[in-house]
Amino acid sequence: MACFIYQTSIGNIYIEETNNYITKLQLVSNNLHLELQNTPMNESPLTKKAFLQLEEYFKGKRTSFDLPLNPKGTPFQKKIWNALLTIPYGQT
């Protein structure tokens with residue numbers, strides 16, 4: 001597992017990778033910061049790639065992502081996240 005906190009234009013973002021998949025991406029809150037206090041941070045090529053793609057998205061230079069995803073969540077959460085993936089860029 002690799003995880004790292006990146007500074008972005010919308011705040012600090014925690015990105016986690018497990019077995020070559022992005023498994024968690026979360027804005028860092030005070031609670032998450034406390035949870036991660038004893039977690040060793042180790043950036044990987046995949047967490048860095050995810051960060052760079054997010055930065056491009058925030059700057060309006062990217063409209064889609066090409067990252068291997070395997071998010072942690074309940075079956076219901078995964079169903080919702082997969083539905084969100086079908087919404088085209090700029091649509092609601």
Side-chain angles (χ1 to χ4, degrees):
M1 182 182 100
C3 58
F4 206 77
I5 296 174
Y6 296 93
Q7 293 181 356
T8 74
S9 58
I10 66 164
N12 291 339
I13 294 181
Y14 172 79
I15 301 175
E16 184 177 293
E17 172 210 336
T18 305
N19 297 324
N20 297 313
Y21 289 94
I22 298 296
T23 53
K24 188 172 190 174
L25 190 145
Q26 184 175 350
L27 283 170
V28 177
S29 65
N30 288 339
N31 291 339
L32 180 61
H33 187 62
L34 290 174
E35 281 179 43
L36 298 173
Q37 266 185 324
N38 295 320
T39 303
M41 293 289 134
N42 52 335
E43 183 179 48
S44 73
L46 184 56
T47 61
K48 180 73 171 185
K49 181 178 179 181
F51 163 68
L52 293 172
Q53 287 192 18
L54 284 169
E55 283 290 282
E56 291 172 352
Y57 179 82
F58 296 146
K59 293 176 183 175
K61 296 179 180 179
R62 175 177 285 276
T63 60
S64 64
F65 298 87
D66 61 349
L67 299 165
L69 304 177
N70 188 16
K72 296 177 185 176
T74 66
F76 177 74
Q77 288 172 319
K78 290 180 180 186
K79 184 176 179 180
I80 298 302
W81 295 329
N82 283 327
L84 291 171
L85 292 172
T86 67
I87 302 170
Y89 177 79
Q91 301 291 314
T92 57

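When a residue number appears, it is its place in the shown sequence, counting from 1.
- Between Lys78 and Pro71, the shortest heavy-atom distance links the atoms CE-O, 3.1 Å.
- Phe4 places none of its side-chain heavy atoms less than 4.5 Å from the side chain of Asn42.
- Of all non-hydrogen atoms in Leu27 and Ile13, the two that sit nearest each other are CD2-CG1, 3.7 Å.
- The shortest heavy-atom contact between Ala2 and Ser44 is CB-CB, 3.7 Å.
- Using a 4.5 Å cut-off on side-chain heavy atoms (C-beta onward), Leu54 and Leu25 make contact.
- Contact detail for Ile5 and Met41: the closest heavy-atom pair is N-SD, 4.0 Å.
- With a 4.5 Å cut-off on side-chain heavy atoms, Thr18 and Asn70 do not count as touching.
- Hydrophobic clustering, with ILVMFWY side chains joined whenever heavy atoms are under 4.5 angstrom apart, groups Trp81 together with Ile87.
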(request) Check step by step if side chain to side chain contact (heavy atoms under 4.5 Å, CB included) holds for Gln26 and Glu16. (result) CA-CA 9 Å; Gln26 184 175 350; Glu16 184 177 293; over 6 Å; no
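- Comment: Lys61 does not engage Glu55 in a salt bridge, judged by the lack of any side-chain N to carboxylate O separation of less than 4.0 angstrom.
- Although no hydrogens or angles enter the test, the distance criterion places no donor-acceptor pair under 3.5 Å between the side chain of Glu17 and the main chain of Cys3.
- Nearest heavy atoms, Tyr14 versus Val28: N-CG2, 3.7 Å.
- If you run side chain to side chain contact (heavy atoms under 4.5 Å, CB included) between Pro68 and each of Leu46, Asn19, Thr23, only Leu46 comes through.
- To the nearest 0.5 angstrom, Lys49 atom NZ is 6.0 Å from Leu67 atom CG.
- Side-chain contact between Phe58 and Ile10 is present, with at least one heavy-atom pair separated by less than 4.5 Å.
- A heavy-atom distance below 4.5 Å is not found between the side chains of Lys48 and Pro45.
- Put simply, the side chain of Tyr89 does not reach to within 4.5 Å of the side chain of Arg62, judged on heavy atoms.
- Thr47 and Tyr6 share a donor-acceptor pair across their side chains, judged by distance under 3.5 Å alone.
- Cluster annotation: Phe76 is connected to Leu84 through the hydrophobic network of ILVMFWY side chains, with a link wherever side-chain heavy atoms come within less than 4.5 Å.
- Distance check: Lys59 NZ to Thr8 OG1 gives 10.5 Å after rounding to the nearest 0.5 Å.
- Residues Ile15 and Phe51 come closest through the heavy atom pair CD1-N, 3.8 Å.
- A donor-acceptor pair is defined here as one N or O able to donate and one able to accept, closer than 3.5 Å; such a pair exists between the side chain of Gln77 and the backbone of Thr74.
- Heavy-atom contacts from other residues, nucleotides or ligands closer than 6.0 Å to CZ of Phe65 number more than 12.
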